[in-house]
Amino acid sequence: MGHVSKKTKQLISFVPKLEKSENAMPKGETLDLNNAIGDPVIVEKLREKAPSNHGAAEAFWQSAMDAPLLSPRLKELVLLGVHASASSVNETAMKRHIRRACSAGASEEDVIDVLISIVGQANHALYFSGSILVDELQSHSASDDVLPDMREDMAVIKKEFLEKRGFWHSDRETLARLMPDYFIAQSTLSVAPWQSRSLTPRERELIFIAIDSSASHNYEAGLRLHIRNALKAGAHRDEIIEVMHLVALMGLEGYLIGVTELLGKGDD
């Protein structure tokens, strides 16, 4: 075995040992690709016209759905969060995963919790935009003092956010000073699901990891933050890997939509 650095040993020791999961996926609880297509006629046509391609797509889908650690309920809620997020709204996939999540034991409150929790993703674009605005204002005025002072009522919002969410950073500070009315409303919305507690902190952080590691978003700052938070909330490294595996299924959404359009009209 090669040399393992002290830093690597520290990282390994930080990862909690994974006990046998009571959320392991039972046999028969998976959603296979053909059920996602939803039309047996289309499936038969695919098996006839493109058996190797369709077989590979089936295996790719199932490799994520058969992973053993996350429950069927949580897998479906993760996929719902990805497909309902602002950077990737997919109505067909949302309907599929709402139906599947409820069948796997998710409550209506769980589904609503996911849909509200992910609204804040749109705020990530404003982090980027606010920083650029400040840079350009500073260049235009030849002054570093371009931000308004923090409003007094923002101190209460900041304190509540820190208590519920456990983080604050310079981009949030900038928006709080530039756009206080928006920021109060956004922060209140961001905290609300944590007060309802339909999802556990671990579950919610895993959903955030999925969104921030998706092909349509790739938000590094948020991904690092939510990985840290998930580990603190008791998530295991391999559960996070399963989430990232699930996110890769986004690559098949074009296939699902395309073959349905191509083969679903009958023989004219």
Side-chain angles (χ1 to χ4, degrees), residues 21 23-106 110-111 114-115 118 121 203 206-219 223 236-268:
S21 174
N23 288 327
M25 180 177 286
K27 288 185 178 180
E29 288 291 341
T30 60
L31 169 65
D32 65 42
L33 185 67
N34 296 326
N35 283 336
I37 291 171
D39 186 336
V41 174
I42 295 175
V43 172
E44 286 304 310
K45 288 181 180 180
L46 285 167
R47 287 173 172 163
E48 175 189 342
K49 297 174 183 296
S52 60
N53 283 344
H54 185 62
E58 286 181 287
F60 181 70
W61 177 280
Q62 211 60 40
S63 69
M65 298 307 294
D66 281 347
L69 300 180
L70 302 181
S71 68
R73 166 187 166 277
L74 184 53
K75 286 180 179 180
E76 297 300 332
L77 291 176
V78 165
L79 289 169
L80 171 61
V82 169
H83 291 301
S85 65
S87 60
S88 183
V89 176
N90 180 336
E91 182 179 358
T92 300
M94 285 176 63
K95 290 178 179 178
R96 177 201 313 144
H97 294 297
I98 287 172
R99 183 175 65 250
R100 283 293 306 174
C102 291
S103 295
D110 290 338
V111 172
V114 171
L115 297 175
I118 64 176
Q121 186 215 11
E203 289 171 339
L206 290 173
I207 292 168
F208 292 155
I209 288 170
I211 293 170
D212 285 343
S213 62
S214 67
S216 60
H217 195 47
N218 274 342
Y219 179 52
L223 180 58
H236 186 269
R237 173 199 62 204
D238 292 347
E239 292 179 317
I240 295 172
I241 291 169
E242 282 194 12
V243 166
M244 293 177 174
H245 194 168
L246 282 169
V247 173
L249 295 184
M250 288 181 73
L252 282 173
E253 289 301 318
Y255 178 72
L256 292 170
I257 294 169
V259 298
T260 300
E261 177 64 24
L262 178 68
L263 303 176
K265 295 182 177 180
D267 297 323
D268 295 330

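Note: hydrogens, waters and symmetry copies are ignored here, and every other heavy atom, side chains too, is used.
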(request) Go through the steps to decide whether Leu33 and Met65 satisfy the test side chain to side chain contact (heavy atoms under 4.5 Å, CB included), and finish with yes or no. (result) CA-CA 10 Å; Leu33 185 67; Met65 298 307 294; over 6 Å; no
So which atom in [X] and which in [Y] form the shortest heavy-atom distance, rounded to 0.1 Å?
| X | Y | result |
| --- | --- | --- |
| Ala57 | Leu252 | O-CD1, 3.7 Å |
| Thr260 | Ile42 | CA-CD1, 3.9 Å |
| Met244 | Ser213 | CG-OG, 4.2 Å |
| Asp66 | Lys75 | C-NZ, 3.9 Å |
| Met94 | Val89 | SD-CG1, 4.3 Å |
| Ile118 | Ser85 | CD1-N, 3.7 Å |

To the nearest 0.5 Å, what is the distance between [atom1] ([X]) and [atom2] ([Y])?
| X | Y | atom1 | atom2 | result |
| --- | --- | --- | --- | --- |
| Leu79 | Ile207 | CG | CD1 | 10.0 Å |
| Leu70 | His236 | CG | NE2 | 12.0 Å |
| Glu58 | Leu46 | CD | CG | 8.5 Å |
| Ser103 | Ile98 | OG | CD1 | 12.0 Å |
| Ile209 | Glu239 | CD1 | CD | 10.0 Å |
| Ser214 | Leu246 | OG | CG | 12.5 Å |

(message) Can a side-chain donor-acceptor contact be found between Asp32 and Gln62 if the only test is distance below 3.5 angstrom?
(response) no
(message) If only side-chain N and O atoms count, and only distance matters, is there a donor-acceptor pair under 3.5 Å linking His217 with Ser88?
(response) no
(request) Could you list the residues that satisfy side-chain hydrogen bond (donor to acceptor under 3.5 Å, both in side chains) with Arg47, not counting sequence neighbours? (result) Glu44
(message) Can you list everything that forms a side-chain hydrogen bond (donor to acceptor under 3.5 Å, both in side chains) with Tyr255? Sequence neighbours excluded, please.
(response) His54
Is the shortest heavy-atom distance from the side chain of [X] to the side chain of [Y] under 4.5 Å?
| X | Y | result |
| --- | --- | --- |
| Asp110 | Glu203 | no |
| Val111 | Leu80 | yes |
| Lys49 | Leu263 | yes |

(request) Can you sort out the partners of Ala86 under side-chain contact (heavy atoms from CB on, under 4.5 Å), two or more places apart, ordered by chain and number? (result) Gln121, Ala122
(request) With sequence neighbours excluded, tell me which residues meet side-chain contact (heavy atoms from CB on, under 4.5 Å) with Ala210. (result) Val78, Val82, Val243, Val247
(request) Apply side chain to side chain contact (heavy atoms under 4.5 Å, CB included) to the pair Thr92 and Leu256, showing each step before the final yes or no. (result) CA-CA 10 Å; Thr92 300; Leu256 292 170; over 6 Å; no
(message) What verdict does the side chain to side chain contact (heavy atoms under 4.5 Å, CB included) test give for Ile241 and Arg237, after you've listed the backbone C-alpha separation in whole Å, the side-chain angles of each residue and the deciding distance to 0.1 Å?
(response) CA-CA 6 Å; Ile241 291 169; Arg237 173 199 62 204; 4.0 Å; yes
(request) Kindly state each residue pair satisfying salt bridge (Lys or Arg N to Asp or Glu O under 4.0 Å) with at least one member in residues 242-255, sequence neighbours excluded. (result) Arg96-Glu253
(message) Show me the pairs that pass ring-ring contact (aromatic ring centres under 6.0 Å, His included) and involve residues 77-104, at least two apart or across chains.
(response) His83-His97
(message) Checking Asn218 against Asp212 for the side chain to side chain contact (heavy atoms under 4.5 Å, CB included) test, could you report, in this order, the C-alpha distance in whole Å, the side-chain angles of both residues, the deciding distance, and whether it holds?
(response) CA-CA 5 Å; Asn218 274 342; Asp212 285 343; over 6 Å; no
